Amino acid sequence: MHPAGPAAATIATLWWVLLAGATAIFLFVAGLIVLAWRRAPGKSDERVFVVGLGLAFPLVVLAALLAYGLFIGERLLPRAGPDVVTVQAEARQWAWRFGYADAPGRVTEGVLHIPAGRPVDVAITTADVIHAFWVPRLAGKLDAVPGRVNVLRIEAGSPGRYEGLGSEYNGPGYRDHRFTVVAHDPAGWDRFLQDETP
Amino acid sequence: MNTLQRHRALSRIWASDSGWKRWFTTVNHTDLGRMFLAVAVLFFIIGGILAMLIRAQLASPRSAFIGPEHYNQIFTMHGTIMMFLFAIPLFEGLAVYLLPKLLGTRDLAFPRLTAFGFWCYVFGGSMMIFSLLAGMAPDSGWFMYPPLSSTIAAQGINSDFWLIGITFVEISAISAAVEICVTILRYRAVGMSLSRMPIFAWYALVTAVMILTGFPPLILGSILLELERAFDMPFFQVAAGGDALLWQHLFWLFGHPEVYIIFLPAAGAISTILPVMARTRLMGYGWIVAAAVSLGVLSFGLWVHHMFTTGIPHMGLAFFSAASTLVAVPTAVQLFAWIGTLWQGRPDMRLPMLWLLAFFATFVIGGLTGVMVAIVPFDWQAHDTYFIVAHLHYVLVGGFVFPMLAALYYWLPHFVGRKTYFNLGNTAFWLVFTGFHGTFLLLHWAGLLGMRRRIDSYAPGQGWELINLFASVSSFVMAIGFALVLIDVVVNAAVAVRGSRDPWHAGTLEWAMPTPPAPYNFASIPTVASRDPLYDTPDLPVRIARGEGYLGDCARERRETLCVDVATGAPRHITVFPGNTALPALMSAVTGLFFLGMLVKAYWLVPLSALGVICCAMVWVWSLSPKQAEGALHAGHGLALTTAAEVADPPGWWGSLFLLLADGTFFGSLLFGYAFLWTIAPNWPPPAYVEAGLWPLLCLGAGAVLTLAGARVATLSGSALEATGLLALGAGATLILARAPDPTAHAYDATIWVLMGYALVHVLIALLMTGVLSMRRLASHPAVTTTGAARIVRLWSDYAVAVALITFAAAALPGVLA
C-alpha cells in the first residue's frame, strides 16, 4: 500500500475505489436492516426488493466495476515497447536466481537488478515446485509453474531497494523465500550491465 | 387403535436397539443425524484448537512457539478439518436429521446408506486425526498443490493421509447427497408438490446435486495424485508429460462449488428461520429457489478465479472475472428478499435472530471483499495474502457458522425437547461476534501491507505487529465465546424444563410432532395443501397423531412410508425400510481396510478388502430382495398401493440415477484431464501412441451388442447374454492395456491405464449386478419383484457399455489423428 511504481499505484487506486464503494453498499444494507425494526410492519413490495435491489442494483454496479477492472488489467499486461528490459527469474526451494537479457551469462542470486523508470518484463520459471514472484510495492504477483514461462511487467518509479517475496506456499522454507529488487538510475544500470559492482 | 396404542406400536417397530449396540446398528435418521452433528462439532473443536495454536504463534513477531514443520501441518489440517470434516458433514447431519421431518415422511430413502456414510466419515476422519497426533499430518496446504504435495517435495506419508483419508470421507458426502436427492424427490407428505416444498428442501436439493457434480473432480484429482505418489504415474510431473496446473483445475473445479455447497444449506436455514423470527412468511419464494439454482449452476463457471496468478491469458481471466462478479447477483436476490421479509414482518430480537444479524453484518462484508478479489488486477496484489485469509473467514464463518448457530438455537428445542432457558447464549453471542471481527477485520489490512498467508512467523517492523497481536487476543475471546455456546447447549439439553411443541410458532412440518421426536416421526403421513401447513391447518399435529393420515395402521408390523410422485406429491407406492443392522458399520470398516492398505502400502490388503466390500454388498442387496409378491396393500383413505419392490422405478433406480450423475461427472473430469494434458501440457506428444488394432475393436463391438441386448431380455438367458457381453468388453479393455505396457513412461500411458481401469471397474460392477439378478431368477423370485431390479442392472450395464466405447475412442483418437 505504498506503491513505488505505475502498476502498484494503479492497483492501489483501484483498492481505494473498491473500499469506498464497498463501505457505501455495506452502510446501505445495514441501514435497510435497521429500518426493518424502525418502521411499522406491513406489506413491502417484492418487486422493489427482489427485482430492484436484488437484480438491477448489483448488475449495474458490477458491470461498471468489471469494465474498470478489465481496462486496468489490459493496461498492466506486458506489451512490446522500445525501452522494455527483459530479465529472467528462476525460483527454487528456497532461493531466487536472476538472469539478464542485456547481459547474457550474468546471473545474480537473491538480488534482481533493474533500471528505474523503465518497464521491465520478468520471465518467471521454477526449478522444482510452484512459487510466485511478488514485489508488493511494484506490481501484482505471478506464479512460477513447472514447465512454463510466465511474464510479469514491473516498473519502479525511482531508484531504490524494494523487497520481493515468494508468495506461493512452498514448504518449510517459505517464510524466508525472499529477494531484493535494486532499481538503478541509468548510469548505475549501465555499470551493472558492464559487470561492475554498482 | 387409539393415539397412545399407535405410538407404542410404531415406537416398537421403529426403535433402534438398546444399550451400546444401538450406536453400531441404528439406521434411524434421527439417531444418525444427531451422531453426524455431534462428530462434526467434535471436529470443529479440534480445528478450532489448531486455529488457536496458529494465532498463538502469530501473536508476536519471531515467535519460537512452533517451528515451520509443525506449523505447516497445523494450518494444513485446520483448513482440511474445517472444510471436509466440519462444514460438509455438519450440513449432512442437519439434512439427515431434518429433511424427513420437514418433508413429512418417516425416514430417509436409504437408511442403511445413511449409516454407511456416517461410519465412513468417522473412520476417515479418525485417520486424519491420527496423522495429526502422530506428527505426520499433511503439510502442503489444504489445497495440496503438486509438485509440493507429490513425491518430488514430499516423500513422507503426510500427503497420502490427505489423499486417502479425504477420499474415504467423501464417500459419506456422495452417499448422503444421493440419499438427499431421492428423499426430496420421492419421500414427501401427500400433496406436497414441488412448489409447496419447504424452502430448506430446495436448498438441500441444489446442494446435494452440487455435491454429486462438485466432489468427483476432487476425488479424481486425489486418485491421480495418489497414483503418481504410489506408482510413479506422472500426471502432474511436467517432465513426463504431466502438468501441475491440472491439479489446480481439478481442485478448484471442486473447490469453488464447495464454497456454495457450504453456503447454500446455511441460506436454507436462514430462509426457514428468518420469516418465523419476523412473524411473517418468506418473501419471493420462487425468486429464492431460482437464485439458489442459478448459484449452483454459476458456481461451476468460476473456478479459475482461484488461479488468476498462474499465467492464464488475460482474455480467459476476463471471462472468469465476469462470471465471478455475476455470482453476486443471485446472492443479492436472496439477501434483499430476506431484508424484504424483515420489512413486511415484525422482527423479534431473540437469539436465533441475533445470530442472523451477525450473519448479515459479516457475510455482506465477505461478499463485498469477494467482489474485490474477483477483479483481476486487485487479485494480483491480494492473492495469497492475509486479505484472502480474512475474506474467506468472513464468507465461511459469516455465511456458514453464524447461520448454523442460528439454526442450532432455533432447532435446539426440537433436538432435546426442552425450552432454551439459560441466558448464557447472549453472552456467548457477543464474545463470538466481537471476537470474530476483532480477529479478522484488521487482517485485511495486514494482507494489503504484504503479509503473506501461511508464513510461520514474521520479522518486526513491517507494520503488522499490533494488528496481529490484536487479532490473536480477539481470537481467544472468540474461542471463549464458542466454549460458552457449547456449555450453554449442554446445560440446556441436560437441565432445562420440558418445552412445548412448536415454541417459535413456525409453520413447517418438523414442528408437527412431539419433541424430542419419536423414531417414526409421524404417526401417519399427513396431507398438506400449502407451504406452511401448520399455519393453515393448526390441528394437523393432532390429526397426524390420531392416525388420520396415510399408513396410520401399523398392522403389517414393519417400517413403512410412502413414496410420492416427483412433481405433484400424489401417493405412488409403499416403501418398506430395513430394520436395525450392523452391516453398514461393518461394510465401512472393511472399506476402511481398503484405504488403510493403500495408505501403509500393504497392497495385499487392497484386493482382499475389496472382496470383503463386495461380499458385504451382496448380503446387503440380497437381504433387501423380496422373495414373494404382495400385490396391492392398504395405505389408508381407501388407497391400495404396491410396495416399492413391485414397481418399475424403485428408490434404488432413482438412487442409481443420481449416483451415475456423480460417476458420470467423475468420468467427464477424467476426459477433461486427458484433453487438458493433450492440448495444454508442455511435453506432448508422448513417444508413441497406442495402436488400437482389430482384436480390441472386435471384442468391444461384440461385447456392446451382447450387453445391450441381454439387458433387455427379462429371463435367465438374457442375463447370461449380458454377462458374456460384459466379459467381452472387459477383454477388449485388457487388450488395450497390454498395448500400453508402462504407465510410468508418460502421462499419456498413465492416463490410458486410468481410462481402462475405470472401464474395467464398471464392467465388474455390471457383472456383479447381473450375477445377483441371475441368482434371484434362479431362486424363482416372482418376475414382478425383479422388474425394478432388472431396470437398475440395465442402467449400470448401459453405462458400462458407454464407458467402454468412450474410453476406447479416447485411447485410440490421438493415435488415429497423428
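Fair warning: this is a prediction, and the values are worked out from it, not measured in the lab. Below, chain A is the first sequence line, B the second, and so on; all start at residue 1.
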Side-chain touch B/Leu342/A/Trp37, heavy atoms, less than 4.5 angstrom
yes

Inter-residue atom distance A/Leu65.CG - B/Met372.CE, 0.5 Å rounding
9.0 Å

Correct closest heavy-atom pair for B/Gly311 and A/Leu142 would be N-CD1, 3.9 Å

Return the option, out of B/Ala291, B/Gly450, B/Gly367, B/Ser150, with the maximum number of heavy-atom pairs under 4.5 Å with chain A.
B/Gly450

Does any backbone or side-chain atom of B/Pro146 lie under 4.5 Å from a heavy atom of chain A? Answer side chain, backbone, both or neither.
backbone

Please give me the minimum heavy-atom distance between B/Ala244 and A/Ile130, naming the atom from each residue.
CB-CD1, 4.1 Å

Go through B/Ala239, B/Gly67, B/Gly284 and name the one with the most non-hydrogen pairs under 4.5 angstrom from chain A.
B/Gly284

Report the option among A/Ala22, A/Ala7, A/Gly52 that has the most heavy-atom pairs separated by less than 4.5 Å from atoms of chain B.
A/Ala22

d(A/Arg148 CZ, B/Thr310 OG1) to nearest 0.5 Å is 8.0 Å

Between CD1 on residue B/Ile455 and NE2 on residue A/His177, distance to nearest 0.5 Å:
14.0 Å

Residue selection (most heavy-atom pairs with chain B, distance under 4.5 Å) from A/Gly21, A/Ala36, A/Gly69:
A/Ala36

Identify which of B/Leu335, B/Thr385, B/Leu148 forms the greatest number of heavy-atom pairs closer than 4.5 Å to chain A.
B/Leu148

Any heavy-atom pair between the side chains of B/Pro377 and A/Leu14 that's under 4.5 Å?
yes

Which of A/Asp143, A/Thr126, A/Val61, A/Asp45 touches chain B most, by non-hydrogen pairs under 4.5 Å:
A/Asp143

Nearest 0.5 angstrom please: A/Tyr68 OH to B/Phe378 CZ, how far?
11.5 Å

Min side-chain heavy-atom separation A/Leu59-B/Leu326 under 4.5 Å:
yes

Calculate, to the nearest 0.5 Å, the distance between atoms CD1 and CD1 belonging to B/Ile365 and A/Ile25 respectively.
12.5 Å

Is it the backbone or the side chain of B/Pro682 that comes under 4.5 Å from a heavy atom of chain A, or both, or neither?
side chain

With a 4.5 angstrom heavy-atom cut-off, is it the side chain or the backbone of B/Ala382 that approaches chain A, or both, or neither?
backbone

The interface call for B/Ile288 against chain A, heavy-atom contacts under 4.5 Å, is neither

Separation of B/Ile339 CD1 from A/Leu32 CG (nearest 0.5 Å)
5.5 Å

Engaged part of A/Leu77 at the chain B interface, taking heavy atoms whose separation is under 4.5 Å
side chain

Would you mind checking which part of B/Val333 comes under 4.5 Å of any heavy atom in chain A, side chain (CB onward), backbone (N, CA, C, O), both or neither?
both

Relative to chain B, which segment of A/Asn150 carries a heavy atom at a distance below 4.5 Å: side chain, backbone, both, or neither?
side chain

Of the listed residues (A/Asp128, A/Leu76, A/Leu165), which shares the most heavy-atom pairs with chain B below a 4.5 Å separation?
A/Leu165

Looking only at heavy atoms, what is the nearest atom pair of A/His2 and B/Leu449, with distance?
NE2-CD2, 4.3 Å

What's the shortest heavy-atom distance between A/Pro172 and B/Pro68, and which atoms?
O-CB, 3.6 Å

Between A/Gln93, A/Lys141, A/Arg39, the one whose heavy-atom pairs under 4.5 Å with chain B are most numerous
A/Lys141

Residue pair A/Leu35, B/Trp343: steps toward the side chain to side chain contact (heavy atoms under 4.5 Å, CB included) verdict:
CA-CA 8 Å; A/Leu35 266 182; B/Trp343 273 50; 3.7 Å; yes

Does B/Thr309 reach the side chain of A/Trp134, with side-chain heavy atoms less than 4.5 Å apart?
no

Need one label for B/Leu368: side chain, backbone, both or neither, based on atoms under 4.5 Å from any heavy atom in chain A.
side chain

Just so I understand: if I count every heavy-atom pair under 4.5 Å between each of B/Ala322, B/Pro330, B/Ala328, B/Ala337 and chain A, which residue has the most?
B/Ala322

Of the backbone (N, CA, C, O) and the side chain (C-beta and beyond), which part of B/Gln73 lies under 4.5 Å from a heavy atom of chain A, both, or neither?
neither

Chain A contact via B/Val329 - side chain, backbone, both or neither, heavy atoms under 4.5 Å
both

Quick one: closest heavy-atom pair of A/Gly171 and B/Asn72, and the distance?
C-ND2, 3.8 Å

Measuring heavy-atom distances to chain A, does B/Ile680 have an atom under 4.5 Å in its side chain, in its backbone, in both, or in neither?
both

Please classify the contact between B/Asn683 and chain A as side chain, backbone, both or neither, with a heavy-atom cut-off of under 4.5 Å.
neither

Among B/Leu245, B/Val371, B/Val364, B/Leu317, which residue has the highest count of heavy-atom pairs closer than 4.5 Å to chain A?
B/Leu245

Check each atom of B/Arg453 against the heavy atoms of chain A and say whether the ones under 4.5 Å are side chain, backbone, both or neither.
backbone

Go through the steps for B/Gln248 and A/Val145 under the test side chain to side chain contact (heavy atoms under 4.5 Å, CB included), then give the verdict.
CA-CA 11 Å; B/Gln248 298 195 18; A/Val145 182; 5.8 Å; no

With side chain to side chain contact (heavy atoms under 4.5 Å, CB included) as the test, would you mind laying out the steps for A/Leu66 and B/Ser321 before giving the verdict?
CA-CA 8 Å; A/Leu66 190 66; B/Ser321 177; 3.3 Å; yes

Check: B/Trp287 and A/Val51 side chains under 4.5 Å, non-hydrogen atoms
yes

A/Arg161 atom CZ, neighbour heavy-atom count above 12 within 6.0 Å
no

Ring geometry between B/Trp445 and A/Trp15 (parallel below 30°, tilted from 30 to 60°, perpendicular above 60°)
tilted

By a 4.5 Å heavy-atom criterion (distance strictly below it), what part of B/Ser457 contacts chain A: side chain, backbone, both, or neither?
both

For chain A, which candidate among B/Ile375, B/Asp379, B/Thr280, B/Thr341 shows the most heavy-atom pairs at distances under 4.5 Å?
B/Ile375

Note, B/Tyr145 side chain near A/Val129 side chain (heavy atom, < 4.5 Å)
no

With a distance cut-off below 6.0 Å to the six-membered ring centre and an angular limit of 45° from the axis, does B/Arg452 pair with A/Tyr174 as a cation-pi contact?
yes

Among A/Gly173, A/Ala63, A/Ala139, A/Ala132, residue most engaged with chain B (heavy-atom pairs, under 4.5 Å)
A/Ala139

